[in-house]
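Notes to accompany the following structure.
Below, chains carry the letters A, B, ... as their sequence lines are ordered, and counting in each starts from 1. What you see below is based on every heavy atom in this structure, not just the backbone, and it leaves out hydrogens, waters and symmetry mates.
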2 protein chains.
Amino acid sequence: MNFQQLRSVREAVRCGFNLTEVATVLHTSQPGISRQIRDLEAEVGSPIFVRSGKRLTGLTEPGRAMLPLIERLLQDAQNLRRVGEEFAHEQRGTLSIAATHSQARYALPHAVRDFRAQFPEVSLHLHQGSPRQVASLLLAGEADIGIATEALASYPQLVTLPCYRWTHSVVVPHGHPLLRHERLELSHLAEHPIVTYDQGYTGRSHIDDAFAAAGLRPQVVIAAMDADVIKTYVELGLGIGIVASIAIDAERDRGLVGIDARHLFPLNLTRLALRRGSVLRGFGFAFIETFAPSLSRDAVVRAFLDSAHEDA
Amino acid sequence: MNFQQLRSVREAVRCGFNLTEVATVLHTSQPGISRQIRDLEAEVGSPIFVRSGKRLTGLTEPGRAMLPLIERLLQDAQNLRRVGEEFAHEQRGTLSIAATHSQARYALPHAVRDFRAQFPEVSLHLHQGSPRQVASLLLAGEADIGIATEALASYPQLVTLPCYRWTHSVVVPHGHPLLRHERLELSHLAEHPIVTYDQGYTGRSHIDDAFAAAGLRPQVVIAAMDADVIKTYVELGLGIGIVASIAIDAERDRGLVGIDARHLFPLNLTRLALRRGSVLRGFGFAFIETFAPSLSRDAVVRAFLDSAHEDA
DNA sequence: TATCCTTACGGAATTCGTAAGCATG
DNA sequence: CATGCTTACGAATTCCGTAAGGATA
C-alpha cells in the first residue's frame, strides 16, 4: 500500500471514474493509474471499483466503505507535512482564505493589512464565492479558513466559530423621501422598490424574515450578490438599498445616505469555519485572532475539541 | 512519504529510540531504518528525533506533534486492509479478545462456544490479564475486544459498553458457622478471615466500599486474582470467600456452599471496550451480540458515534 | 470509430542490504 | 571497547512511461 495508490483511487472518484483524466490530474500515465488501482485492490483483497467491461463505472460496496478512510489517510499525510513546515518555517507558508464578497470587501481588509505586516513572508490567497462555495473550498481542502454569514453552520464537517455581529442599514440617494421619517419603520420601506442581496447572501434571509413577520410583502426589484452593485443601482435611483451597515462608507459613497436599520432586522452573525481534521498553522491562528480578537488560539482549539462528533 | 518511513518512526519510539532494535522488529537492516527516518525528516522539513551525537535520544517538539498523526495514519492503513478482508471473506479472519480471568473463565465460555459454531473459520485468540493489561492490549491494537469489570471506563481512548450486571456471593465450607444466620450481614462476615480478589480485580473496590460504609474493617487474609484460587483457599479452611456469584458452580464446587450476598455489596457492571479508531469486522459485532444480546451491531456503532470526543 | 482500459516490455530510478567508518558511554 | 548510527556502494527490485491490443458506447 502506498500513497500514490490512494491518491489514484481518490482522484478516480473525483474524476467520475475516468482514469485517463486521473492520469492528467496526477501528472502521470494512464496505465500507471490503472496499475495503482489494481495493485491496491489486490492488496486489500476486494474490488474497489465496479467495472462494466473495461470501464470503471462506480464504487463497489467495499469501495464505498474504504473511501472515507482513504480520504482521511491522504488528509493526515498532508497534515503531517504541514506540521513539519510549521516548525521549520514558523513565519513562512501559505494561508488560503475563502470568504464572501461582503467579507472580503468590507470586513477582511483591516485584518489582512495587519496580518501582512505581522507575517510578511506568508503568502495570502483570498478566494471569493457564495457561502456554499466557501464551504466547498473548505471541504475540498483548498481553503484553510472560511468566512461567511450564511450556510456555514449547516455543514457537519465544518467547525464554525462566531466572529462578530452586525446589522443592516438602508441606503438612499440624497433627498430621498425616506429621510423625512424620524424613526424608520418596515412599512415605510415596503412602499419603495428595494435593491438588496440575493437569496442566500449576507443576511438576506433575515431581511425576508423581518418583512414576513410584519405581514409586509416588499418589492425587491433587484437582488445582487454584493453591496457595491446594490449601491450602484440605488445611486441610479432604481430603489432603496438594504445592505450590511459595514458596507456604507460616508467618504466613498458621497451620493448616498445610510440610515441605521438595526431596529428593523434581526441581528446577523458572521461565522468563521474550519474543516474538521485540518491542521491550521500558527499564523492561521494568528490571522483568526487578528480578524476576531475574541478567537484566541485556545478558543479555536477548544471549539474544535468540543465539536468533535461523527468521525468514524 | 511512505508507510515504511512512518512505521520506522513509530517503532523507533516504541523501541526507546534504538534503531538496531527497530530493524529487528521490522525485519530489515539498521541502515535502512536510519535512512527511512532521515528521509521522512527531510521531507517534512523538521527533525523528528533528538540526536545527541549519533544516537537518538528522544522526540523533538515537531516529533511529538507528528506522532499522533503517524499513529493514526498507520492505524487507518490497517483498517483499510481490514475493510477489504471483511468483504472478501466475511466468515474468515481472526478475532482477538482480551479479558480478565473472571470473564475468560466464567462469562465467556458460552459465548465462545456459540461463536465458534457460528463462525468456524474465524480463529479466536483469548488474551488474559488484569483490567489494565486488557486496556493496554486494546490500546496497542493487539486485541479487538476487551472485557473487564474494572478500569476500562477510565481510558479516554476506549469506548466502553455495559454488558451485564452481577453481584458477589460468599463461599464457605460445608458446616461453616456463617450458614447458621438466617440473613447474612456484613458484620457477620467481618468476624471471619476473608479470602477475596486483589485490589483492582473483579469488583474488589465495591467490596471495600461496602465494609467501609458500614464502618467495618474486615481482615482480608488472602487476596487473589481469580475465583479458582480463592475457592481453593476457602476449601482449605483459611477463611470465608467473597467471589462473583457466577464463579460458584454447585456441581464443580462440591466442598463449598455459596451464599448470595447481593444485599451486602454494590452491584457490579461488566464492561466491554473497543479502541476508538479501530474497525471491527462483522463477526466481531456478532461475537459482541452473542456475549451481550442487548449490544446489537447498531447499538455498538451508536455508542461509538455518541462518544466521539477528542480526536484532534 | 473514438474513447478508454488492459497488457507487454524495456529503461530508469529507487530501494535495500552489506561492509566499512566513526562517535559515544 | 562495545554499542549504535552514518556513509558508501553495488545489486536487485520496483516503478513508470511508451506502445500495442481489445472492448464498449
Arg132(A) CZ: over 12 foreign heavy atoms closer than 6.0 Å: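 No, CZ of Arg132(A) has 12 or fewer neighbouring heavy atoms, counting only those of other groups under 6.0 Å.
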Glu43(A) atom CD: more than 12 heavy-atom contacts under 6.0 Å: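 Yes - once you tally the heavy atoms of other residues, nucleotides and ligands closer than 6.0 Å, there are more than 12.
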Cation over ring face, Arg204(A) and Tyr197(A), 6.0 Å, 45°: no
[X] with [Y]: basic N within carboxylate O range, under 4.0 Å:
X: Arg281(B); Y: Glu85(B); result: yes
X: Asp76(A); Y: Arg81(A); result: no
X: Arg51(B); Y: Glu41(B); result: yes

If the cut-off is 4.0 Å, is [X] near the phosphate of [N], judged by side-chain N/O to OP1 or OP2?
X: Thr20(A); N: dC5(C); value: yes
X: Arg51(B); N: dG4(D); value: no
X: Asn18(B); N: dG4(D); value: yes

Using whole Å, what does the distance between atom [atom2] of nucleotide [N] and atom [atom1] of [X] come to?
X: Glu41(B); N: dC5(D); atom1: CD; atom2: P; value: 13 Å
X: Gln30(A); N: dA8(C); atom1: CD; atom2: C1'; value: 14 Å
X: Ile33(A); N: dT18(D); atom1: CD1; atom2: P; value: 13 Å
X: Arg55(A); N: dT24(D); atom1: CZ; atom2: P; value: 9 Å
X: Leu56(A); N: dC5(C); atom1: CG; atom2: P; value: 6 Å

Sugar-phosphate only, base, or nothing, as touched by Phe17(B) at under 4.0 Å among non-hydrogen atoms: sugar-phosphate
Distance-only donor-acceptor check, side chains Arg7(B) and Gln4(B), under 3.5 Å: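 Looking only at side-chain atoms, Gln4(B) and Arg7(B) do form a donor-acceptor pair, the distance falling under 3.5 Å.
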I'd like a list of close polar pairs between nucleotides 15-17 of chain C and the protein, N/O only, cut-off under 3.5 Å.
residue, atom, partner, partner atom, Å
dC16(C), OP2, Gln36(B), NE2, 3.0
dG17(C), OP1, Thr28(B), OG1, 3.2
dG17(C), OP2, Thr28(B), OG1, 2.7
dG17(C), OP2, Ser29(B), N, 3.4
dG17(C), OP2, Ser29(B), OG, 3.1

Under-3.5 Å donor-acceptor pair between Arg38(A) side chain and dT6(C) base: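 When only heavy-atom distances are counted, Arg38(A) does not reach the base of dT6(C) through any donor-acceptor pair under 3.5 Å.
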Angle between terminal axes - the helix from dT1(C)-dA25(D) to dG25(C)-dC1(D), 5 pairs each end, rounded to 10°: 40°
Ring center gap for Phe287(B) and Phe283(B) short of 6.0 angstrom: no
Ring geometry between Phe3(B) and Phe3(A) (parallel below 30°, tilted from 30 to 60°, perpendicular above 60°): parallel
